[in-house]
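Atoms within each ligand, like the ligands themselves, are counted from 1 in listed order. Owing to the predicted nature of the structure, the values given are computational and were not obtained by experimental measurement.
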Amino acid sequence: SFVTECPPTITEIGRNTWSVLHSISAYYPKNPNKEQQKQALNFLISLSELYPCSKCRKHLSNYLKKHPPRVESNKAFNIYLCQMHNSINKYLKKPQFDCSQATSRWKGPWKNCK
Ligand code: FAD
C-alpha cells in the first residue's frame, strides 16, 4: 500500500547530517594522505555552500572561517567536529557533549547500545 512520507524537518536534517559528519571522522584514517585531507576539507566547504537551511549554512561557513578545519589526523578531525557541533549546541541551548566520548559514540562496538 502507498504510505505518505513527510519531507525531513530542519531538526531531522540536522541529526542526519551530524550522523554523517561524525561517522566520516570516526572512520577517517589515522594518518590520512594529502588527497584524503583535501577531500575532507572540500566536503565541509561544499556542505557550507549547499546545506539546505540558510541559517545553518551561515553558522557553518562562519565557523569554518573562524576555525580552519583540522583534518591532519583521525583524532584532530574528531575533536574539530565535536567542537563545531558543541558551538551549535551552545547556540541552540543544548547540553555540551564530552568530546572524549566522541569516538565511542560514533564507532562500534554496538553490543551495549540501546
Ligand atoms: P543533534 O545535535 O542533532 O545531535 C545528534 C547526536 O549527536 C546527539 O544525540 C548526541 O548523541 C551526539 N552529539 C551531540 N553533540 C555532539 C558533539 N559535540 N560531538 C559529537 N556528538 C555529539 N538547527 C537549528 O534549529 N538552527 C540552526 O541554526 C542549526 N544549525 C545547524 C548547523 C549545522 C552545520 C548542522 C549540521 C545542524 C544545525 N542545526 C540547526 C540542527 C541541530 O544542530 C540539531 O541537529 C537538531 O536540533 C537536532 O538535535 P538533536 O537534539 O537531535 O541532536
- Message: What protein heavy atom lies closest to atom 9 (O) of ligand 1? Include the residue and the distance to one decimal.
- Response: Arg105 NH2, 4.2 Å

- Looking at Leu60 and Leu44, what are the two nearest heavy atoms and their distance? CD2-O, 4.4 Å

- Query: Can you tell which part of Asn89 has a heavy atom less than 4.0 Å from ligand 1: side chain, backbone, both or neither?
  - Reply: side chain

- Task: Determine, for Glu12 against Arg15, whether the closest basic-nitrogen to carboxylate-oxygen distance falls under 4.0 angstrom.
- Result: no

- Task: For ligand 1, note which part of Leu92 has a heavy atom under 4.0 Å away: side chain, backbone, both or neither.
- Result: side chain

- Message: Using a plain distance cutoff, I'd like to know if Phe97 has any nitrogen or oxygen under 3.5 Å from a nitrogen or oxygen of ligand 1.
- Response: no

- Quick one: does Asn31's side chain have a donor or acceptor within less than 3.5 Å of a partner on Ser73's backbone? no

- Nearest protein heavy atom to atom 47 (O) of ligand 1: under 4.0 Å? yes

- Item | Single-linkage hydrophobic cluster, 4.5 Å side-chain cutoff, Leu21 and Trp106 together | no

- Message: Suppose we measure from atom 38 (C) of ligand 1 to each protein heavy atom; which comes out shortest, and what is that distance?
- Response: Cys56 SG, 4.0 Å

- Message: Using only atom types and a distance under 3.5 Å, with no angle test, would you say the side chain of Asn86 pairs donor to acceptor with the backbone of Phe97?
- Response: yes

- Note on the structure: Under 4.0 Å between heavy atoms, the region of Thr11 that gets near ligand 1 turns out to be both

- Is ligand 1 under 4.0 Å from a heavy atom in the side chain of His59, in the backbone, in both, or in neither? side chain

- Message: Under a 4.0 angstrom heavy-atom cut-off, which atoms of ligand 1 come close to Cys82?
- Response: 17 (C), 18 (N), 19 (N)

- Look at atom 41 (C) of ligand 1 and say which protein heavy atom is nearest, naming residue and atom and giving the distance to 0.1 Å. Gly14 CA, 3.8 Å

- Message: Could you see if Ile88 belongs to whatever hydrophobic cluster contains Val20? Use Ile, Leu, Val, Met, Phe, Trp, Tyr and a side-chain cutoff under 4.5 Å.
- Response: yes

- Contacting atoms of ligand 1, where contact means under 4.0 angstrom from a heavy atom of Asn86: 18 (N)

- Message: I'd like to check which ligand 1 atoms, numbered from 1 as shown, lie under 4.0 Å from a non-hydrogen atom of His22.
- Response: 19 (N), 20 (C), 21 (N)

- Message: Can you report which non-hydrogen protein atom sits closest to atom 14 (C) of ligand 1, along with the distance?
- Response: His85 CE1, 3.4 Å

- When you measure from atom 49 (O) of ligand 1 to each heavy atom in Lys94, Arg15, Lys55, which option holds the nearest one? Lys94

- Query: Looking at atom 43 (O) of ligand 1, what's its closest protein heavy atom, distance included?
  - Reply: Trp18 NE1, 3.0 Å

- Is any side-chain heavy atom of His85 less than 4.5 Å from a side-chain heavy atom of Trp18? yes

- Query: Got the closest protein heavy atom to atom 21 (N) of ligand 1, with its distance?
  - Reply: Trp106 NE1, 3.0 Å

- Query: Can you tell if the side chain of Gln37 reaches within under 4.5 Å of the side chain of Phe77, non-hydrogen atoms only?
  - Reply: no

- Tell me, which protein residue and heavy-atom name are nearest atom 33 (C) of ligand 1, and how many Å apart are they? Ile88 CD1, 3.6 Å

- Would a 4.5 Å heavy-atom cut-off, applied to side chains only, mark Lys75 and Asn78 as touching? no

- Query: Would Tyr91 and Leu47 show up in the same hydrophobic cluster when neighbours are defined by side-chain heavy atoms closer than 4.5 Å?
  - Reply: yes

- Query: Does ligand 1 have an atom under 4.0 Å from some heavy atom of Tyr51?
  - Reply: yes

Donor-acceptor contacts, no H, no angles, side chain residues 61-69, under 3.5 Å, sequence neighbours left out:
| unit_1 | atom_1 | unit_2 | atom_2 | d |
| --- | --- | --- | --- | --- |
| Ser61 | OG | Arg57 | O | 3.3 |
| Ser61 | OG | Lys58 | O | 3.4 |
| Asn62 | ND2 | Lys58 | O | 3.3 |

